[in-house]
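Let me begin by presenting the structure, written as structure tokens, before commenting on it.
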Amino acid sequence: MRNKCLKLSSLVLAASLSLGIVNPVFADNTESAGISAKTNSYSLDFDSSNYKKESKYINGKEVFYRAFRNIVYVQNPKSVKYQSLNIYIPEDYFTNKSINGYTAKSAPVFMPNGVGGYMPGEAIEPSEKDFMSGSANSVLAALARGYVVVSPAIRGRTTIGDDGVTYVGKAPAFLVDYKAAVRYLRHNADKLPAGNTEKIISNGTSAGGALSALLGTTGNAYEYNKYLKEIGAADERDDIFASSDYCPITNLDHADMAYEWIFSDVYSYRPAIWQLQDLKARGVKNEMTKNLKDDQGKAPDANAANNPRETEVMIEMTKDEKNVSKILAAAFPEYVNSLKLKNLDGSILSLDQDGNGSFKDYIKEIYRKSAQEALEHGADLNNTDWIILRKNKVVDVDLKKYPVSATRMKAAPAFDKMDLSSAENDEFGNTINQPKHFSKVVKEYTKSKQFADQDLINLMNPMYFIKGRRAELSNSSVKIAPHFRIRHGAVDRDTSIAIPAILALSLQEKGIDVDFFSPWGRGHSGDYDLDRLFDWIDSICR
């Protein structure tokens, strides 16, 4: 085993060298590419001379930019590949021109992450043809708008460190890295050729949406300092200006309750291919993974940025899964009521023991508005049985029929699996890759002793900083981003709309500017409305 680990370490080093992002320090190499021979660490100072001029087309227009790649953003990286970032700057800013009303000094910094499924996220490259949408991706579209784009690679649950042995991307590593990237930018605010580091806007989808939400709600929180110090992050602020969150899979310790509150009356499910691929890759053998072909899942659902196509069969939940579904659904009202959520009119949103009440009415209204907008834009809703129409107007929503129509994607529990087989269990695992539970309800039901540390669970939940015990501290150092844009598709089967709704309501109560909407016909996906996203960014940055 030791030889295998050494061999893997050598392979990692060789691969890194081939990518041009690692410069190991040898006895005869006093200094190389920002690495100090004395400390064997990376410099945090930005090198403005190391770039490549490039261009790509969007809507028939050529966009010229400079690409600064493979910049290690911490002094002591655990994984050089996944703790490096790319910076893209529109070429016009180098000749004192303005773009879309922005100058080099005022240009917003758009900071998308490529995280999905809590897996490692690579730095995103500008692309004329995104493999999901078929059109320009968010990086290229942002450059065309005059934004400076910073795309960090980020550790994930399967990241093995450069030692070739240790799993270094478990919670809360992905957020620590995102924060470190922000700190790197602030450290180099005067060295960057362009970009206003006081106007940083994060963006992500699914687990990446959760990451973006966490970055926006935990600015400068001292709880992360020990993790940031360990990797040698810059001693700077890490709060941001705005957070764009597509279908954020967040609030994980309560996400199972919310999922069952919506889907509890549906006992069969149609999983996505990626779920089975993930199980198979981790050696989990069951009826679902037994006949999974290696080439499945390569053709994603065009409507789902982080959600490849479904399997073709419905699977009946087991007796255990049905039992825990009922327990989780029954526990949700107590959680909602404990939050004392307020509607815009100041009224308290709550649920009775059967899961009915003003909070449910609030969720119905979100879907009603979504359907009404679709109707006004020409959508035919006559065959949508969970929408109630009168005189060409959407008047109500039937949440009993909704899950039957949308279909369930995950067996109960959706996230904290009883057999510890989910991506989220893996995310809360330890450095030797042992997965953990994180929901108290599931822990009690299974009687499992494999439970993540509660402090760690808190660090992965924005609600802990908005309305939890941490938010109640009088000496709170947390700075929440003043602007949030949250999107959750009206037919998202991956997580419950209650989760982003709770996030939006809690932020609004704190006086945060929140743009929350559920786009009609959208599943679990992101970056499908880039023009609207960038219109929103322009509206808050000018």
Exercise. Counting only heavy atoms not in Tyr464, do more than 12 sit closer than 6.0 Å to its OH atom?
Worked result: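 Correct, the count exceeds 12.
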For this session: Can you establish whether the number of heavy atoms outside Lys191 located under 6.0 Å from its atom NZ is more than 12?
Result: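 Yes, enclosed.
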So, [X] and [Y]: side-chain donor and acceptor under 3.5 Å apart, yes or no?
X	Y	result
Thr407	Arg493	yes
Tyr227	Asn225	no
Asp45	His187	yes
Asn86	Ser151	no
Asn203	Asp527	yes
Ser243	Ser212	yes
Asn100	Asp538	yes
Thr218	Lys179	yes
Glu62	Tyr57	yes
Glu54	Tyr65	yes
Asn433	Lys170	yes

Exercise. Is there a side-chain contact (heavy atoms from CB on, under 4.5 Å) between Leu507 and Leu503 once you walk through the steps?
Worked result: CA-CA 6 Å; Leu507 288 167; Leu503 175 64; 4.0 Å; yes
Below 4.5 Å, heavy atoms only, C-beta onward: do [X] and [Y] meet side chain to side chain?
X	Y	answer
Lys78	Glu230	yes
Asn425	His437	yes
Ile58	Glu128	no
Val74	Tyr184	no
Asn220	Asp238	yes
Pro193	Tyr93	no
Leu175	Leu459	no
Ser518	Ile497	yes

Problem set entry | Asp130: partners by salt bridge (Lys or Arg N to Asp or Glu O under 4.0 Å), with sequence neighbours left out |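 Asp130 satisfies salt bridge (Lys or Arg N to Asp or Glu O under 4.0 Å) with no other residue.
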Problem set entry | Salt bridge present between Glu198 and Arg186 (N-O < 4.0 angstrom) |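 Judged by the 4.0 Å cut-off on N to carboxylate O distance, Glu198 and Arg186 do form a salt bridge.
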Exercise. Does a salt bridge link Lys410 with Asp494, judged by any charged N lying under 4.0 Å from a carboxylate O?
Worked result: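 Salt bridge: yes.
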For this session: Identify the heavy atoms of Tyr178 and Leu211 that sit nearest to each other, and give their distance.
Result: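 For Tyr178 and Leu211, the tightest heavy-atom pair comes out as CD2-CG, 3.4 Å.
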Problem set entry | Closest contact, heavy atoms only, Ser506 versus Met463 |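 For Ser506 and Met463, the tightest heavy-atom pair comes out as OG-CE, 3.1 Å.
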Exercise. Taking the side chain from Lys81 and the backbone from Ala153, do they hold a donor-acceptor pair closer than 3.5 Å?
Worked result: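 Judged by distance alone, no pair lies under 3.5 Å.
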Exercise. Under 3.5 Å, side chain of Arg145 to main-chain N/O of Tyr147, donor-acceptor pair present?
Worked result: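 Here the side-chain-to-backbone pair does not exist.
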Problem set entry | Geometric cation-pi criterion, Arg155 with Phe174: 6.0 Å, 45° |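 Not satisfied by the 6.0 Å and 45° rule.
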Nearest 0.5 Å, what's the [atom1]-[atom2] distance between [X] and [Y]?
X	Y	atom1	atom2	value
Ile160	Tyr82	CD1	OH	11.0 Å
Arg485	Asp515	CZ	CG	5.5 Å
Phe428	Ser422	CZ	OG	9.5 Å
Asp416	Asp256	CG	CG	6.0 Å
Gln434	Leu420	CD	CG	8.5 Å
Ile201	Leu215	CD1	CG	11.5 Å

For this session: Go through the steps for His524 and Thr495 under the test side chain to side chain donor-acceptor pair (under 3.5 Å), then give the verdict.
Result: CA-CA 8 Å; His524 195 68; Thr495 190; over 6 Å; no
For this session: Might you work through the side-chain contact (heavy atoms from CB on, under 4.5 Å) test for Asn461 and Leu252, ending with a clear yes or no?
Result: CA-CA 7 Å; Asn461 190 345; Leu252 292 174; over 6 Å; no
For this session: Could you walk me through whether Glu424 and Ile249 pass side-chain contact (heavy atoms from CB on, under 4.5 Å), step by step?
Result: CA-CA 10 Å; Glu424 289 77 17; Ile249 297 187; 4.1 Å; yes
For this session: Check the pair Phe415 / Phe438 against ring-ring contact (aromatic ring centres under 6.0 Å, His included), numbers first and verdict last.
Result: CA-CA 9 Å; Phe415 304 99; Phe438 48 87; 7.9 Å; no
Exercise. Between Phe46 and Phe68, is the ring centre distance below 6.0 Å?
Worked result: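 Here the rings of Phe68 and Phe46 have centres that are less than 6.0 Å from each other.
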Exercise. Are the aromatic rings of Tyr528 and Tyr246 close, with centres under 6.0 Å apart?
Worked result: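 Yes, the ring centres sit under 6.0 Å apart.
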Problem set entry | Stepwise salt bridge (Lys or Arg N to Asp or Glu O under 4.0 Å) check, Asp419 with Lys417 | CA-CA 5 Å; Asp419 63 356; Lys417 290 295 185 187; over 6 Å; no
For this session: Measure the acute angle between the ring planes of Phe534 and Phe110, then classify it against the limits of 30° and 60° as parallel, tilted or perpendicular.
Result: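 The arrangement is perpendicular - the two ring planes meet at more than 60°.
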Exercise. Got a sec, which pairs hit salt bridge (charged side-chain N to carboxylate O under 4.0 Å, His left out) with one end in residues 208-219, sequence neighbours left out?
Worked result: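 Checked against salt bridge (charged side-chain N to carboxylate O under 4.0 Å, His left out) - neighbours excluded - no pair reaches residues 208-219.
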